[in-house]
Asker: 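Got a structure for you, questions after.
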Amino acid sequence: GIYDYIQRSIWTTNDAFANFEYYSPMATILAKLGETEEIRLSTDLLMVNPNSGFKWHQDNQNGPVLFDDALRWWVTMDDTPADYGAPVYLKGSHKN
């Protein structure tokens, strides 16, 4: 595969990830985006890849979220050089 390592629910076994998810500004930002005071984590997924670059691809859902008011998000844990560019999303691809 393209990943060197994959682990689900990393916050349950790694204090640094748990602290990031609970105490970083990320939780506040997600709550504001969701217009709520409470955030519930359904699943998390750590994927480590050799960063050899991706071509156009479509991510899978990575979790059984079956409600309309869910937020899906990702955070890169590495510096991203400017020449890599920002992610590009195809219009309407969130409906797949």
Side-chain angles (χ1 to χ4, degrees):
I2 60 173
Y3 298 106
D4 289 343
Y5 178 78
I6 296 177
Q7 180 182 339
R8 288 191 183 276
S9 301
I10 191 142
W11 66 275
T12 64
T13 59
N14 185 297
D15 289 340
F17 275 86
N19 288 336
F20 175 76
E21 290 181 359
Y22 283 118
Y23 304 114
S24 75
M26 180 196 61
T28 301
I29 292 166
L30 291 172
K32 287 181 180 184
L33 286 171
E35 298 177 346
T36 185
E37 293 183 14
E38 182 178 270
I39 295 291
R40 293 184 184 186
L41 180 63
S42 170
T43 186
D44 69 357
L45 180 65
L46 172 68
M47 297 184 291
V48 178
N49 69 48
N51 202 9
S52 58
F54 286 101
K55 302 294 183 206
W56 281 100
H57 69 281
Q58 181 175 354
D59 290 342
N60 63 12
Q61 295 296 322
N62 291 324
V65 177
L66 302 175
F67 38 90
D68 292 333
D69 59 352
L71 295 172
R72 292 188 183 273
W73 49 274
W74 64 270
V75 175
T76 180
M77 303 305 278
D78 295 316
D79 290 335
T80 304
D83 59 331
Y84 280 27
V88 176
Y89 299 93
L90 298 176
K91 185 176 181 178
S93 65
H94 66 287
K95 297 178 183 178
N96 292 333

Asker: Return the set of residues passing side-chain contact (heavy atoms from CB on, under 4.5 Å) with Ala27 (not counting sequence neighbours), or none when no residue passes.
Answerer: none
Asker: To the nearest 0.5 Å, how far apart are CD in Glu21 and CG in Leu30?
Answerer: 10.0 Å
Asker: Got a sec, which residues hit side-chain hydrogen bond (donor to acceptor under 3.5 Å, both in side chains) with Glu38, two or more places apart in sequence or on another chain?
Answerer: Arg40
Asker: State, yes or no, whether a side-chain contact exists between Asp44 and Phe17 at a heavy-atom distance under 4.5 Å.
Answerer: no
Asker: Tell me every residue that passes side-chain contact (heavy atoms from CB on, under 4.5 Å) with Thr13, counting only those two or more places apart in sequence or in another chain.
Answerer: Gln7, Ile10
